[in-house]
Protein chains: 2
Amino acid sequence: MITPEITQTSRPEGPCVPRELLASPLFLLGRLGYAVKLQVMEEFETAGFSAYAYSVLALLEEGARETQATIADALKIDRSQLVGILDELEEQSLVERRRDPNDRRRHLVNLTPTGKRQLNAFRKLAKRVEDEILGPLSEGERAVLRDLLLRVAGSRDARYVPPELRATA
Amino acid sequence: MITPEITQTSRPEGPCVPRELLASPLFLLGRLGYAVKLQVMEEFETAGFSAYAYSVLALLEEGARETQATIADALKIDRSQLVGILDELEEQSLVERRRDPNDRRRHLVNLTPTGKRQLNAFRKLAKRVEDEILGPLSEGERAVLRDLLLRVAGSRDARYVPPELRATA
DNA sequence: TATTGTTATACTCTATAACTATA
DNA sequence: TATAGTTATAGAGTATAACAATA
């Protein structure tokens, strides 16, 4: 059809999310957060890596000799899910798995030199994606956003409380 | 085993997300947003309603006589997905579907009086969940969060730009 | 031929359960 | 018996494709 319907209940501005939902920080957080998660995952997978590769490598750099269970717990992913992630990272020579001689049930996971370099590449990728998505926000506003989100996340899960703020002592 | 492993690489504070990820507003937005989305959906489903019931009802109250396509577009859900949502809402007598006499392909969807009442109940439910999740934030901080998220969302999708801010004129 | 609503299908991410080897 | 890692399975949520009725 060439001429738009006259029956149309005047909505010259295109579809719009209901105003009361736009007024809800919770709705926006859920909606936007989900979309952001998908986009970031896709960016990493397009680059040929698991979506969790950056998280795992960043964790390994902070405290080496992690075991798979501690990695999974720290990143809040299931231990069974981590297996596939590490398989891929090991294939790409970014991490090494070797048995813990003190407890042969455990695998100690280490960053390789290649993994260390790739971690830096991930940081650049993450920065690029952040600039793309958070472009409308200044650096200061991004910091405000981060602090607000961090406080909410921390109240839900202690893993998101930075160590120096633990134990309110 | 009763005594915790001595082998443990000193980590007395429990597992923690890598600091550089905690510093990233994008990571937090994705992680927290996804968790929030799931929790909100569960809250609504526990109450016996589709997770999208509130969104649909809120939209219908603003501009009645919506057609299924315009509803789906406004809420950014797939038209095929909306079918099941409306089926449930209709079973619960919250909305009515009837054919558009001017174009018998279309269904005009309306709020029922019951739906109007339920919408108010949804508002209370949403407020309760918001207080639960955003508890650590003051009202002012929640408004800041909302504005930041709204700007980011609006830059990605025009549906999130409030009508009065459209067309920058 | 194009569009509305519908149904059917497939895909992704995640959660759960069962299995092995070690302790 | 309990734990670490692994594998297999099922579930939720979403996206895609095909279909009937109508324009």
Side-chain angles (χ1 to χ4, degrees), chain A residues 1-8 30-31 33-46 50-53 55-56 65-90 95 97-109, chain B residues 1-8 15 30-31 33-46 50-52 55-56 65-73 75-90 95-109:
Chain A
M1 71 188 64
I2 299 167
T3 54
E5 295 274 325
I6 311 175
T7 334
Q8 186 83 4
R31 268 302 180 98
Y34 183 71
V36 161
K37 179 189 169 87
L38 291 185
Q39 181 175 341
V40 171
M41 291 183 85
E42 202 187 329
E43 295 272 4
F44 275 87
E45 272 157 18
T46 298
S50 152
Y52 288 97
S55 301
V56 173
R65 293 171 154 278
E66 296 276 359
T67 197
Q68 292 189 202
T70 61
I71 295 172
D73 289 349
L75 298 179
K76 199 178 175 171
I77 59 185
D78 197 88
R79 294 176 189 196
S80 62
Q81 199 184 349
L82 181 62
V83 174
I85 297 168
L86 289 179
D87 286 348
E88 197 180 322
L89 291 177
E90 204 171 23
V95 305
R97 265 191 285 210
R98 56 182 235 283
R99 290 214 171 271
D100 183 344
N102 297 116
D103 183 342
R104 289 183 44 73
R105 290 173 303 182
R106 295 181 176 173
H107 281 167
L108 297 178
V109 187
Chain B
M1 74 190 65
I2 298 168
T3 54
E5 295 274 326
I6 311 175
T7 334
Q8 186 82 6
R31 267 301 180 99
Y34 183 70
V36 161
K37 178 188 170 92
L38 292 186
Q39 181 175 341
V40 171
M41 291 183 88
E42 201 187 331
E43 295 273 4
F44 275 86
E45 272 156 19
T46 298
S50 152
Y52 288 97
S55 301
V56 173
R65 293 170 154 280
E66 296 276 359
T67 197
Q68 291 189 203
T70 61
I71 296 171
D73 289 349
L75 298 180
K76 199 177 175 171
I77 58 185
D78 198 87
R79 295 178 189 193
S80 63
Q81 198 183 350
L82 181 62
V83 174
I85 296 168
L86 288 179
D87 287 348
E88 194 180 323
L89 292 176
E90 204 171 25
V95 305
E96 276 175 349
R97 265 192 285 211
R98 56 181 234 282
R99 289 214 171 274
D100 183 344
N102 296 116
D103 183 342
R104 290 183 44 74
R105 289 173 303 184
R106 296 181 175 172
H107 280 168
L108 297 177
V109 187

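Computed from a predicted structure; not experimentally measured. Worth knowing before you read on, the calculation uses all heavy atoms, side chains too, and leaves out hydrogens, waters and symmetry mates. Naming convention: chains lettered A, B, ... in sequence-line order (proteins, then strands); numbering from 1 in each chain.
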Taking the side chain as everything from C-beta on, heavy atoms only, tell me whether B:Val36 gets closer than 4.5 Å to B:Gln39.
no

Is there a side-chain contact between B:Val56 and B:Leu89 in this structure, where contact means two heavy atoms from C-beta onward sitting under 4.5 Å apart?
yes

Would you kindly give the [atom1]-to-[atom2] distance between [X] and [N], to the nearest whole Å?
| X | N | atom1 | atom2 | value |
| --- | --- | --- | --- | --- |
| A:Asp103 | C:dT22 | CG | P | 11 Å |
| A:Gln39 | C:dT12 | CD | C1' | 17 Å |
| B:Asp87 | C:dT4 | CG | C1' | 15 Å |
| A:Asn102 | D:dA4 | CG | P | 15 Å |
| A:Leu86 | D:dA4 | CG | P | 15 Å |
| A:Asp100 | C:dT22 | CG | C1' | 12 Å |
| A:Glu66 | D:dA4 | CD | P | 14 Å |
| A:Gln68 | C:dT22 | CD | P | 14 Å |

Base, sugar-phosphate or nothing for B:Arg97? Non-hydrogen atoms, less than 4.0 Å.
sugar-phosphate

Partners of B:Glu43 by salt bridge (charged side-chain N to carboxylate O under 4.0 Å, His left out), sequence neighbours excluded?
B:Arg128

For B:Arg97, side-chain contact (heavy atoms from CB on, under 4.5 Å) partners two or more places apart
B:Gln68, B:Leu86, B:Asp87, B:Glu90, B:His107, B:Val109

Going by side-chain contact (heavy atoms from CB on, under 4.5 Å), name the residues that satisfy it together with A:Ala74, two or more places apart in sequence or in a different chain.
A:Leu59, B:Pro15

Check this one for me: any side-chain N or O of A:Arg79 less than 4.0 Å away from OP1 or OP2 of D:dA4?
yes

Reckon A:Arg106 has a side-chain N or O less than 4.0 Å from the OP1 or OP2 of D:dG5?
no

I need a per-nucleotide contact map over nucleotides 10-18 of chain D, read 5' to 3'. Cutoff is protein heavy atoms under 4.0 Å; write B for the base, S for backbone only, - otherwise.
---SS-B--

For the side chain of A:Arg105, counting heavy atoms from C-beta on, which of D:dA2, C:dG5, D:dG5 is nearest?
D:dA2

Under 3.5 Å, is there an N or O donor on one side and an acceptor on the other linking the side chain of B:Arg104 and the base of D:dT22?
no

When the side chains of residues 76-85 of chain A are checked against the rest of the protein, which donor-acceptor pairs come out under 3.5 Å, sequence neighbours left out?
| from | atom 1 | to | atom 2 | distance (Å) |
| --- | --- | --- | --- | --- |
| A:Lys76 | NZ | A:Asp157 | OD2 | 3.3 |
| A:Asp78 | OD2 | A:Ser80 | N | 3.0 |
| A:Asp78 | OD2 | A:Ser80 | OG | 2.7 |

Going by the rule ring-ring contact (aromatic ring centres under 6.0 Å, His included), which residues pair with A:Tyr52 if we only count those two or more places apart in sequence or in a different chain?
none

